[in-house]
Number of protein chains: 2
Amino acid sequence: MQAPRENTDSDASPGFVSDYLLYLLAAASDAASAQFHQTVRAAGLRVPEWRVLACLLDEDGAMITQLATVALAEQSRLTRIILQMEKRGLVVRRGDAADKRRVRVHLTPQGRALATDLVTQAKVHEAVLIRRLSGGDGARLKPALRSLLEVLEPSMPETAPREMHQKTGSQVIENMD
Amino acid sequence: MQAPRENTDSDASPGFVSDYLLYLLAAASDAASAQFHQTVRAAGLRVPEWRVLACLLDEDGAMITQLATVALAEQSRLTRIILQMEKRGLVVRRGDAADKRRVRVHLTPQGRALATDLVTQAKVHEAVLIRRLSGGDGARLKPALRSLLEVLEPSMPETAPREMHQKTGSQVIENMD
DNA sequence: GATTAATATATGAGTTTTCATATTAAATGA
DNA sequence: TCATTTAATATGAAAACTCATATATTAATC
């Protein structure tokens, strides 16, 4: 509360938000996804449904919980989404013999065809997008994002962190409320 | 349909999704935001409400539509969110004298105090996060994201594209459905 | 091996969010 | 100026989403 600039209109001073990492991430994700998500919608799918299909193409028979993680959706939502997808004939749910709590989700031929088609389109879209980025940014972006995810993720047991007996790992980011 | 690898369990082949730019963006945004958004929740705010406050600190008296854009939320949602925030005493809505369709949103002292506090925390959180990124990734990320946004955004009339009379501008990204 | 804890999925219920459209006001243009 | 189009916000109703918790099953502990 110092300079009472009235800021009547057409100011657009840089400000905090437009340079805030979390905003840049969200805005970039939103804007980039909006493009391809139109294609997804046109195929009659909602975004998490598309993610599920892509996921299952990578790993058929995934469990609901895994799919929820990758599709960035909550478990109860995923449960309902999978039920809907089953009704539409895109996937089938099968109980896991070894662990009867689990539900394994498999692509139907129809689901696989749709998934394959969309993944192909996604790859093209991605290539075009990256090509349009000036200079090295296209090349830099993915590694930087992976680096960020590594720092943030609860470090999946894949490439397991052997020999780490003192509980130093997975310390919570300090400075948070 | 060639190698019928049964992929029974514990495979985790790299796959498409985990290297797909749009997934990396969404996952990184989600993971990074999750951290700070806990603080936001603890302050009794939902995410778009926090964005509105931050926004208004940058530009008090913004219109609903502007806020919707920056808060990455739809207009009708923003309308309702602003109404709720007004009830809570965080903002006030004032009609624009010049254009009576517009609603100008202003911070109350209470809203400003909360916004200021959260922005301070956000800056700290951001700094910590960037510092934790290995090597140059911390420095590379923001420019790369800005570059991406530039490519994607409908190029705001700021730094306006004068002399563009043939309708070549704003061509849609090709290769999309 | 009975008891307790943890995991995986499902579901009821309330809240949010979206979609289409209404409403009001300004801009355009004939 | 009057009609037409565009812009800004609001709103009803349907769909989607979240939260807490139920249920079923496996793992752990004693």
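Heavy atoms only: backbone and side chains are in, while hydrogens, waters and symmetry mates are out. Keep in mind the model is a prediction, meaning the values are calculated, not measured. To find a chain, count down the sequence lines: A is the first, B the second, and so on, and within it residues start at 1.
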By the 4.0 Å heavy-atom rule, please label A/A68 as base, sugar-phosphate, or nothing. nothing

Sugar-phosphate only, base, or nothing, as touched by A/R94 at under 4.0 Å among non-hydrogen atoms: nothing

Could you state the atom-to-atom distance from [atom1] of [X] to [atom2] of [N] in whole Å?
X	N	atom1	atom2	value
A/R102	C/dT7	CZ	P	11 Å
A/R80	C/dG14	CZ	P	14 Å
A/E74	C/dA13	CD	P	19 Å

Tell me whether the OP1 or OP2 atom of [N] has a side-chain N or O from [X] closer than 4.0 Å.
X	N	result
A/R101	D/dA24	no
A/R93	C/dA10	yes
A/S76	C/dA10	no
B/T79	D/dT11	no
A/R46	C/dT17	no

Regarding A/R80 and A/Q75, is there a side-chain donor-to-acceptor distance under 3.5 Å anywhere? no

Charged N to carboxylate O below 4.0 Å: is that the case for A/D19 and B/R146? yes

Check ion pair B/E126-B/K142 (N to O, under 4.0 angstrom): yes

Between A/D96 and A/R77, the residue closer to the 5' end of DNA chain D by nearest nucleotide is A/R77

Spell out yes or no: do the side chain of A/Q75 and the base of C/dA8 have one donor N/O and one acceptor N/O closer than 3.5 Å? no

